[in-house]
Amino acid sequence: MKRIIGLIIVLIGLALPTYAQPENAAVETIDGKKYYVHIVEQGNTLYGIHQLYKTSVETILAENEGLSADLTVGQKVLIPIKVTENAHYGKHVVADGETLYGISKKYKCSVEDLKSLNPNLTDGISPGQEIFVPKAGSGAAQIGEVIQTDPVVRVEDTIEQTFSVSYKDSIVEHTVLPHETMYSIAKRYMVSSDTIMALNGLRNTRLKKGDVLKIPVKNVNYEVIEKDLTELALKDTVASVFDESEFKESYNVALMLPLMLSKNDREMSKPLKLDQVREMYGTTKIAFDFYQGFLFAADSLSNAGLSVNIYVYDTNKDTNTIAKAFKQPEFNDMDLVVGPLYPKTIKYTTALCAKKKIRIVLPFNSNAEVLYQNPYVYKGVASNMTLLDGTIDYLIENHKHHNIILIKPKTAADLALYERARERFNQKIKGQVGAYNVSIVETGMGSSSGRDINAILKKDTTNVFIIPSTNLTFVSGAMSTLNKVLNMNPYAKNLNVIAFGLEEWNKFTDLDVKYRNRTNQHYASYRYLDYNSEQGIKFIREYRKHYGTDPNVYSSQGFDYGMYFLSALHLYGTNFDLAIAQHQMELTQNEFHFRTIQDGSGRENQRVCIIKYDNFELKQLK
């Protein structure tokens, strides 16, 4: 499919604004590219500017860091001039013996500038080939054109060929390597070239080996980026993929989602009953929300210099459809796959990615078996085993002085969780000072009346019940029984009950919220979205401004995965495995801590947070 990075802007206005014409606009040359300089006048809108200069809104936003639909009078907006405009660009016919370096000197630009104007130059040049070049190459600038040509202040050329990033007051110092340009450095740190030049007092983009640049740090944590990415291998539990990391001008990412477009079309075309509201097909809605969030992240990062081609595939829950997608020519140069959603397609797709050595991110719940002997897999959703381990660790730290009871479930899958919780608790409680019990108290549910459970309660302290089950029938019965136990003890002032469950319980719409609240239900999760936090409010406002609608849990998930993994590609290149343990960002609802679980296998998110029902609201405790 074609590259899709969409931007939806809704502009409502009644006045007919006036715009200066392009031929009257000043021209600036930055990094070899020419731009019209538009000064915003009263009534101008981003949509109107895009129409005037016949340039997409997406392109204008990408070229102007921090620009939004809220324009102010006098604001400067740069509009890239197309290379096909003869007034500003010309053509050069390559002669025998000519090199890109020689041509760049002739036209007073850099090799990177020529490559930017001519994307097909990746394979080099040949005699007789025509390439685009900036005009005014003879030394005379066009009327009204500004060209930055002042020399760069340099440091001594004696620094070793390594780069280091040191954290200091949100500013990092970068030592330029022989192969680096201002453009590549700006892309790596997700800031504009103009920002770097302004901070360092530079008037043009020319650099040489050994120059030391001050660079403002974004939200990414650069605690450890020293010398060479391979040195970061020791920071991960197991570094399984030792391919050299490649930094690219533009990365290719596949979004594989069950959009179910045909099914959705049929659903949307059905006649409506009285008072019925037309809605998207359920699976389509989930996939589309994730897609929108992911593209929102890509759009945000593009403003910071990321270039990415996003290929979107409708998997239709079908492995044959996925097989056809992997045979498309773009998969010969695919850098990352995100998705799919369903277990059958996940297992099939991870196997194909292993074969092609493509890293794959699983943003939806999946079986941990897909990690086995496949170092290319990133499983973003923590398994129930991982969440249960986090629950036990939290209880040892915060409730060891309380009566902790483990309720035995019935299904085979739940019994595995039960045994894991028992083993971990009994091992970790050893030697703990002030522990209420030397081992966990084990019990079955007993009578539905609650009398058996009531018999093991301690009326003078808090009783913590761990219910390691994902079975709705068992969980509903357990919560109902605990509610009955509380009814049996109306006068026990010091009696307190806390029920610890799993994140999957949030899917149980039949589980009485009153029971959850009354038993102070806690659960472990890999994510938490606080809509009232400063970060949450900011995200909602920006998302609403971008799409005209509020985000939900799936669009937030898409945004987080897009921000995290696209920035990892951008910062560390195609093999970001060796730096992923140090890669941290402030996201909306996720916090990723990827670790390999076995030698030669993939990585799982190990992040665990504890969520509590408090007066019918969810609050994060850890």
Side-chain angles (χ1 to χ4, degrees), residues 3 19-39 49-64 76-152 179-184 186-187 192-194 197 202-208 248-250 305 307 309:
R3 179 185 179 190
Y19 294 86
Q21 296 303 304
E23 58 267 23
N24 298 324
V27 175
E28 280 191 18
T29 300
I30 302 173
D31 294 351
K33 291 179 63 176
K34 294 177 183 287
Y35 297 85
Y36 289 121
V37 180
H38 180 91
I39 306 301
I49 294 173
H50 123 77
Q51 285 189 314
L52 177 69
Y53 291 92
K54 297 180 174 57
T55 303
S56 70
V57 171
E58 175 192 354
T59 300
I60 296 173
L61 289 173
E63 296 287 352
N64 294 269
K76 175 180 172 182
V77 180
L78 298 176
I79 295 92
I81 300 174
K82 297 180 177 65
V83 295
T84 52
E85 292 194 27
N86 295 330
H88 300 284
Y89 292 97
K91 287 185 177 180
H92 174 88
V93 179
V94 179
D96 279 334
E98 274 194 311
T99 64
L100 280 179
Y101 179 77
I103 297 172
S104 71
K105 290 301 180 185
K106 181 176 181 178
Y107 290 95
K108 295 189 171 130
C109 62
S110 69
V111 172
E112 290 298 325
D113 296 337
L114 292 176
K115 288 183 177 180
S116 177
L117 293 175
N118 301 272
N120 60 334
L121 293 185
T122 53
D123 297 327
I125 56 175
S126 57
Q129 182 179 357
E130 285 189 343
I131 63 173
F132 288 108
V133 293
K135 275 194 175 178
S138 60
Q142 300 287 324
I143 296 174
E145 182 173 351
V146 177
I147 302 179
Q148 301 173 352
T149 58
D150 290 349
V152 178
H179 65 278
E180 290 184 310
T181 65
M182 179 69 78
Y183 177 70
S184 67
K187 284 192 67 177
S192 69
S193 298
D194 288 345
M197 291 167 63
L202 306 179
R203 298 299 301 274
N204 65 36
T205 61
R206 290 194 294 272
L207 300 172
K208 74 174 183 179
K248 301 170 70 172
E249 293 296 315
S250 185
S307 178
N309 302 306

Closest approach of Lys76 and Asn64, non-hydrogen atoms and distance?
O-OD1, 4.3 Å
Residues in side chain to side chain contact (heavy atoms under 4.5 Å, CB included) with Thr99, at least two apart?
Tyr101
I would like to know whether Ile125 and Ile103 meet side-chain contact (heavy atoms from CB on, under 4.5 Å); could you show each step before the answer?
CA-CA 11 Å; Ile125 56 175; Ile103 297 172; 4.0 Å; yes
Give the ring-plane orientation class for Tyr53 versus His38, where under 30° counts as parallel, over 60° as perpendicular and anything between as tilted.
perpendicular
Which heavy atom of Ser307 sits nearest to which heavy atom of Glu249, and what is that distance?
CB-O, 3.3 Å
Which side chain to side chain donor-acceptor pair (under 3.5 Å) pairs, counting each pair once, include a residue from residues 124-133, with sequence neighbours left out?
none
For the student: nearest non-hydrogen atoms of Pro80 and Thr55, plus distance
O-OG1, 4.3 Å
Give me the atom names and distance for the closest heavy-atom approach of Tyr35 to Leu78.
CD2-CB, 3.8 Å
Restricting to non-hydrogen atoms, name the atom on His92 and the atom on Val133 that form the minimum distance, rounded to 0.1 Å.
CB-CG1, 3.8 Å
Taking every heavy atom of Val77 against every heavy atom of Ile79, the minimum-distance pair comes out as O-CD1, 3.5 Å
